[in-house]
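Report on the following structure.
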Amino acid sequence: MTDEFTTPIYNDDDADVAQITDKTVAVLGYGSQGHAHAQNLADSGIDVIVGLRESSSSRSAAEADGLRVDTPDVAAAEADIISVLVPDTIQPAVYEAIAPGIEPGDTLQFAHGFNIHYNQINPKAGVDVTMIAPKTPGHLLRRNYTNDEGTPALLAVERDATGEAHAEALAYAKALGCTRAGVVETTFQEETETDLFGEQAVLCGGIVELIVAGYETLVDGGYSQEMAYFECLNEMKLIIDLMYEGGTMAMWNSVSDTAEFGGLTVGPEIIDEGVRENMEEALADVQDGTFARDWILENQAGRPEYAQRRAAMQNHDIEDVGARLRALFSWADDAGAQ
Ligand code: NAD
Ligand code: MG
């Protein structure tokens, strides 16, 4: 463990896979995270059983990967650690189905805190509740493991009924290959609230609205859709790559002095106090549960607003011009997938 950060970050020396080698792990779901957790755990010598519905199209994939498969209730009843990796919106229903087979001393293990933090799942007494949340999509978690590389992850313990929860979570993280890179201590509350805020205000919502607003401003100003697309969307990747590699200074150092002066002076006028106040409101809605309630109700209603907003985005002309331009340099698809 290193103590140069504000929160503990664990590495291989802090974790012992042997802590869970005498246990059975049920991995519920075989999607992005599920397939990677199941295979990495199995390759680390852990007894794994995958839990999937009888009708699941993922059954043949899990079996082809050499894993035992049963229904979620049977898998969870057999297991000591139940890793809940079905989509967040259906986890409460899956929990109802597996609850009879969960015993005191078992562990419920998550990769995102939403359902625990907002009380959509209330695990029975005596059960440990932990989170190991890799900070990448599952296919990278799997690829990094097979390449002897690590994937950073978050660790949180919501409830430690056995006294072993923290050590077991670290063992689980090590078996995924995450302690090779670093496992950051957090809480279910912090992970859930920062994740929701980040994807709404900055990553998914914020960046798309910034791009679309810039695109529309140029097109409304009489410039071509093609120019607006390149300037506001296509070039975004180059800028993000520079910041990913070396922070904002790597980006500022790579662009021209003119871009740097214009960016440093005009940027704060675009993302102004009003935008920051909007961000504070979005954060408050996450913190007081307003967003969670809206999303749960939206799902119960069959996702009408979700469908309508998605269709509007799909029909925006930035999608149309973008698809036609990307077809001209389709090799970028392959490069982007590397
Ligand atoms: P996913 O949508 O990729 O996979 C879901 C899997 O669950 C599929 O195999 C599906 O067949 C199965 N499934 C669906 N309904 C089921 C049911 N009723 N019973 C049993 N299985 C069912 O999900 P994901 O993206 O891997 O997300 C799983 C968890 O991991 C979530 O909590 C998510 O927040 C978290 N997470 C995801 C990522 C990511 O990049 N995808 C990263 C970190 C954490
Ligand atoms: Mg996220």
Side-chain angles (χ1 to χ4, degrees), residues 25-41 48-65 67-79 81-99 101 108-118 120-121 123 129-145 150-156 158 169 172-173 176-178 181 183-184 186 188 190-200 203-204 286 291-292 295-296 299 303 306 337:
V25 178
V27 174
L28 308 184
Y30 206 68
S32 177
Q33 291 294 318
H35 90 283
H37 288 230
Q39 292 185 63
N40 290 8
L41 291 165
V48 172
I49 178 165
V50 176
L52 289 169
R53 293 161 298 169
E54 298 278 9
S55 60
S56 171
S57 57
S58 304
R59 278 191 163 238
S60 50
E63 280 162 359
D65 291 331
L67 296 161
R68 267 195 310 142
V69 181
D70 215 314
T71 52
D73 57 325
V74 173
E78 185 185 324
I81 299 171
I82 298 108
S83 196
V84 185
L85 299 175
V86 297
D88 296 297
T89 48
I90 67 160
Q91 288 182 8
V94 170
Y95 180 72
E96 291 306 314
I98 66 172
L108 271 174
Q109 149 64 36
F110 293 86
H112 177 42
F114 188 99
N115 287 303
I116 292 294
H117 180 59
Y118 293 116
Q120 299 305 296
I121 294 176
V129 181
T130 61
M131 169 168 31
I132 294 296
K135 294 307 285 174
T136 65
H139 74 275
L140 264 181
L141 176 65
R142 178 61 184 155
R143 190 199 299 165
N144 289 345
Y145 181 91
T151 304
L154 307 179
L155 175 152
E158 175 77 6
Y172 185 102
L176 293 185
C178 295
V183 173
V184 181
T186 184
F188 273 62
E190 184 180 56
E191 185 275 338
T192 303
E193 293 178 355
T194 56
D195 187 68
L196 293 175
F197 173 79
E199 66 202 14
Q200 292 170 17
L203 303 175
C204 308
V286 164
F291 172 78
W295 176 222
I296 291 161
N299 275 284
R303 299 190 172 187
Y306 180 100

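Order of appearance sets the numbers: ligands from 1, and atoms from 1 within every ligand. What you see below is based on every heavy atom in this structure, not just the backbone, and it leaves out hydrogens, waters and symmetry mates. Predicted model, so just to flag it, every value in this text is computed and none were measured.
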* Where the side chain of Asn115 meets the backbone of Asp88, is there a donor-acceptor pair that is under 3.5 Å apart? -> yes
query = For Leu52, does its backbone N or O pair with a side-chain atom of Ser56 as donor and acceptor, under 3.5 Å?
reply =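 No: the side chain of Ser56 does not pair with the backbone of Leu52.
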* Asked: For the atom pair OG (Ser83) and CE (Met131), what is the distance rounded to the nearest 0.5 Å?
  ->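 Ser83 atom OG to Met131 atom CE measures 12.0 Å (nearest 0.5 Å).
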Holding to salt bridge (Lys or Arg N to Asp or Glu O under 4.0 Å), I want the full list of residues that pass it with Arg68, two or more places apart in sequence or in another chain.
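Partners of Arg68 under the salt bridge (Lys or Arg N to Asp or Glu O under 4.0 Å) test: Asp47, Glu78.
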Once you measure the plane-to-plane angle for Tyr172 and His37, does it fall in the parallel (<30°), tilted (30-60°) or perpendicular (>60°) bin?
tilted
Identify all pairs of nitrogen or oxygen atoms, one from ligand 1 and one from the protein, separated by less than 3.5 Å, and list them with distances.
from, atom 1, to, atom 2, distance (Å)
ligand 1, 3 (O), Ser32, N, 2.8
ligand 1, 9 (O), Tyr30, N, 2.9
ligand 1, 9 (O), Gly31, N, 3.0
ligand 1, 9 (O), Ser58, OG, 3.4
ligand 1, 15 (N), Arg53, NH2, 3.4
ligand 1, 26 (O), Ser32, N, 3.4
ligand 1, 26 (O), Gln33, N, 2.8
ligand 1, 32 (O), Asp88, OD1, 2.6
ligand 1, 32 (O), Gln91, NE2, 3.2
ligand 1, 34 (O), Asp88, OD1, 3.4
ligand 1, 34 (O), Asp88, OD2, 2.7
ligand 1, 41 (N), Ser32, OG, 3.4

- [ ] Go through Leu28 and Leu85 one step at a time and tell me if the side-chain contact (heavy atoms from CB on, under 4.5 Å) criterion holds.
- [x] CA-CA 5 Å; Leu28 308 184; Leu85 299 175; 5.8 Å; no
